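Notes to accompany the following structure.
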There are 2 protein chains.
Amino acid sequence: MISTYYSDNSTFFVAVDCIIFGFKDKDLHILLTRRPVEPQGGQWSLMGGFMEENESLDQAAEKVLYRYTQQKGIYMEQVKAYGDVNRDTGGRVVSVAFYALVRLEEFDTSLARKFDARWVKIQQLPKLIFDHNRMVEDALTLLRYKTSMQPIIFNFFDKKFTLPALQDLYEAIYQTPIDKRNFRKKIASMQILDKLNIKDKTSSKRGAHYYAFNEKKYQQFIREGKRFSL
Amino acid sequence: MISTYYSDNSTFFVAVDCIIFGFKDKDLHILLTRRPVEPQGGQWSLMGGFMEENESLDQAAEKVLYRYTQQKGIYMEQVKAYGDVNRDTGGRVVSVAFYALVRLEEFDTSLARKFDARWVKIQQLPKLIFDHNRMVEDALTLLRYKTSMQPIIFNFFDKKFTLPALQDLYEAIYQTPIDKRNFRKKIASMQILDKLNIKDKTSSKRGAHYYAFNEKKYQQFIREGKRFSL
DNA sequence: ACAAAAGTGTTCACACTACACCCATGG
DNA sequence: CCATGGGTGTAGTGTGAACACTTTTGT
């Protein structure tokens with residue numbers, strides 16, 4: 001039996017906005033689109049959508065992510081909720097931001113045309129609608145924290161990656177150069193990667209070894225009371 | 001002019017739930033209440049309330065905090081939004097959790113009676129309604145992170161505090177003993193506190209010096225590129 | 001043979017940890 | 001005078017930062 005306590009209260013639109021991060025050309029990128037509807041149609045915007053009756057916030061975010069990337073099993077995390085009264089000039093909307101890490105190697109560029117979307121370097125972000133710039137800032141802060149404490153960075157790659165690429169990615173995320181030897185020493189000390197017997201020859205003549213994250217080794221690492229840190 | 005794009009979508013109740021932290025008797029406490037309405041009336045619950053048309057999420061949280069503590073200027077921070085379809089058995093409600101740090105020394109105990117509220121030690125949390133236990137866990141994780149990185153812990157006190165009390169508070173938050181000399185060395189090295197000329201004699205015959213957080217010294221500390229860390 | 005990126009160790013400074021005794025005071 | 005909590009320093013260890021040369025190979 002439902003009390004009237006609930007129905008006396010106001011209701012609101014609830015949206016999700018996704019900060020979709022991808023890594024290419026040695027730079028961190030975000031997927032943006034030209035907003036297709038009024039108000040502020042044509043302005044740069046994050047990928048978003050409204051939550052529906054039968055879905056959770058997480059499911060709404062997954063729906064949006066799948067629509068714009070066609071990738072399943074994307075790493076995703078909530079940033080926070082934004083609820084200023086006038087944040088959305090088109091109506092009273094509470095929006096919950098999520099950031100996601102996608103594998104850009106397998107991104108279908110025809111999707112970009114379909115949704116008028118574009119991968120933009122984080123150093124070159126345009127003015128976005130509403131409070132989306134703030135959302136990106138908050139997502140970046142959280143991404144930096146998380147990638148330094150947990151092995152989520154491998155979600156940017158499709159299973160295998162080279163150490164130079166991994167270092168480039170960290171440098172792109174933190175926007176600061178990292179010493180190559182110290183970086184590799186730290187990685188090696190954790191013993192959570194497998195060195196593969198194949199090389200990536202696309203970026204050098206010598207070729208860089210591919211590595212892969214080993215979940216079992218990582219679990220063992222955690223069991224020993226150690227903590228991921230980069 | 002409002003597009004139909006918005007009004008085609010569903011709307012939801014939006015609530016805020018507050019994890020109100022306080023420090024007394026060398027332990028971290030949370031303010032809980034017996035839920036006054038169905039469903040699950042009489043069960044332990046966080047302090048919450050619904051967001052209204054004319055207020056932001058933050059304002060809704062401030063409203064709830066003021067209602068139950070009568071304190072202004074409480075330190076408050078959003079934890080995250082909770083939006084599972086069946087998280088609230090009484091209806092479809094998206095709830096945004098906030099944690100707050102209140103000064104328990106000046107807490108009016110008559111408020112507790114008025115709202116059937118009680119300060120409960122975090123080690124002795126009962127089963128709470130809905131997903132409130134999860135909210136508390138998330139809030140604690142965030143509180144631990146924040147107090148280690150930013151000087152927000154002083155919000156537990158009314159301006160002045162003793163070092164033994166500050167250490168007890170850290171030990172309560174992290175649930176682990178801390179070495180007295182190392183703790184004091186770290187505090188002293190930052191030079192962001194003022195040592196006052198008065199002592200707290202309530203917990204020892206010798207008395208412990210009161211200290212106060214000095215915002216200007218802290219700003220200077222930050223300007224020098226240093227970072228708070230405990 | 002050379003250009004271009006991959007790969008590899010050591011030293012130093014500083015921060016964190018562990019640890020034990022004297023001090024001040026009220027009763 | 002003694003019990004109780006407040007207050008103080010040092011030595012050792014581990015972690016992060018700085019730093020330069022050799023290797024591989026396609027052209």
Side-chain angles (χ1 to χ4, degrees), chain A residues 24-27 144-145 147-149 157 160-212 221 224-230, chain B residues 23-27 144 147-149 157 160-172 174 176-212 221 224-230:
Chain A
K24 70 172 180 182
D25 304 335
K26 302 200 174 194
D27 262 311
R144 285 175 178 140
Y145 171 61
T147 50
S148 78
M149 305 285 283
F157 300 104
K160 65 187 196 304
F161 49 87
T162 66
L163 294 185
L166 192 64
Q167 179 173 350
D168 287 341
L169 177 47
Y170 266 101
E171 290 177 338
I173 291 174
Y174 295 109
Q175 292 285 295
T176 179
I178 299 173
D179 181 86
K180 186 167 44 159
R181 282 173 287 190
N182 293 338
F183 180 78
R184 297 168 88 106
K185 205 187 319 166
K186 227 170 177 178
I187 297 275
S189 73
M190 289 192 276
Q191 302 181 96
I192 57 175
L193 300 186
D194 290 327
K195 186 177 189 171
L196 307 184
N197 282 325
I198 45 175
K199 287 185 171 185
D200 168 29
K201 298 274 218 173
T202 60
S203 63
S204 79
K205 319 200 160 157
R206 181 177 180 176
H209 276 98
Y210 275 116
Y211 286 77
F221 175 79
E224 292 168 1
K226 298 171 184 170
R227 291 290 164 252
F228 183 89
S229 167
L230 264 176
Chain B
F23 175 61
K24 69 172 179 183
D25 303 336
K26 302 200 173 193
D27 263 309
R144 285 176 178 139
T147 50
S148 79
M149 305 285 285
F157 301 104
K160 65 186 194 305
F161 49 87
T162 67
L163 294 185
L166 192 65
Q167 180 173 349
D168 287 339
L169 176 47
Y170 267 102
E171 290 177 337
Y174 295 110
T176 179
I178 299 173
D179 181 87
K180 187 167 44 160
R181 281 173 289 190
N182 293 338
F183 179 78
R184 295 168 89 106
K185 206 189 318 169
K186 228 171 176 177
I187 297 274
S189 73
M190 289 192 276
Q191 301 180 97
I192 57 174
L193 300 186
D194 290 328
K195 187 177 189 170
L196 307 184
N197 283 325
I198 45 175
K199 287 186 171 185
D200 168 30
K201 298 271 218 173
T202 60
S203 61
S204 79
K205 318 193 164 164
R206 180 178 180 175
H209 276 99
Y210 276 116
Y211 286 77
F221 175 79
E224 291 168 3
K226 298 170 184 170
R227 291 290 163 254
F228 182 90
S229 167
L230 264 176

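Treat the numbers as computed from the prediction; the structure is a model and nothing was measured. As a basis for the values below, the full set of heavy atoms in this structure was taken, side chains included, without hydrogen atoms, waters or symmetry mates.
Protein atom NZ of Lys199(B) is 14 Å distant from nucleotide atom P of dC23(C), rounded to whole Å. The separation between Lys180(B) atom NZ and dG9(D) atom P is 13 Å, rounded to whole Å. Taking atom CG on Asp168(B) and atom P on dG6(D), their separation rounds to 8 Å, with Å as the unit. Regarding His209(A), its NE2 atom lies at a distance of 7 Å from the P atom of dG7(C), rounded to whole Å. Rounded to an integer number of Å, the gap from Gln167(A) CD to dT8(C) C1' is 13 Å. We find that CD1 of Ile178(B) is positioned 13 Å from C1' of dC16(C), with the value rounded to whole Å. Regarding Lys195(A), its NZ atom lies at a distance of 7 Å from the P atom of dG7(C), rounded to whole Å. Taking atom NZ on Lys226(A) and atom C1' on dG14(D), their separation rounds to 14 Å, with Å as the unit.
Residue side chain Lys185(B) reaches the base of dT10(D) through a donor-acceptor N/O pair under 3.5 Å, judged by distance alone. For Arg181(B) against dA20(C), a side-chain-to-base donor-acceptor contact under 3.5 Å is present.
When distances are taken from the side chain of Lys186(A) to each of dG16(D), dT27(D), dT17(C), the shortest belongs to dG16(D). For Ala208(B), the listed nucleotide lying nearest its side chain is dG6(D); candidates were dT25(C), dG7(C), dG6(D). The side chain of Arg184(B) approaches dG7(D) more closely than any other nucleotide in the set dT25(C), dG7(D), dT10(D). Set against dA18(C), dG5(D), dG9(C), the side chain of Asn182(B) has dA18(C) as its closest nucleotide.
The closest side-chain heavy-atom distance from Met190(B) to Lys226(B) is not below 4.5 Å. Arg184(B) places a side-chain heavy atom less than 4.5 Å from the side chain of Pro164(B). Using a 4.5 Å cut-off on side-chain heavy atoms (C-beta onward), Tyr211(B) and Ile187(B) make no contact.
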Take Phe161(B) and Leu169(B), measure what side chain to side chain contact (heavy atoms under 4.5 Å, CB included) needs, and give me the verdict at the end. CA-CA 11 Å; Phe161(B) 49 87; Leu169(B) 176 47; over 6 Å; no
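Of the possible donor and acceptor atoms, none in the side chain of Asp25(B) sits under 3.5 Å from a partner among the backbone N and O of Asp27(B).
Residue contacts shown for Lys201(B) are limited to sugar-phosphate atoms, with no base heavy atom under 4.0 Å away. Within 4.0 Å of Thr162(B), counting heavy atoms only, lies no atom of the nucleic acid at all.
Nearest-nucleotide positions on DNA chain D place Asp179(A) closer to the 5' end than the other of Arg206(A) and Asp179(A).
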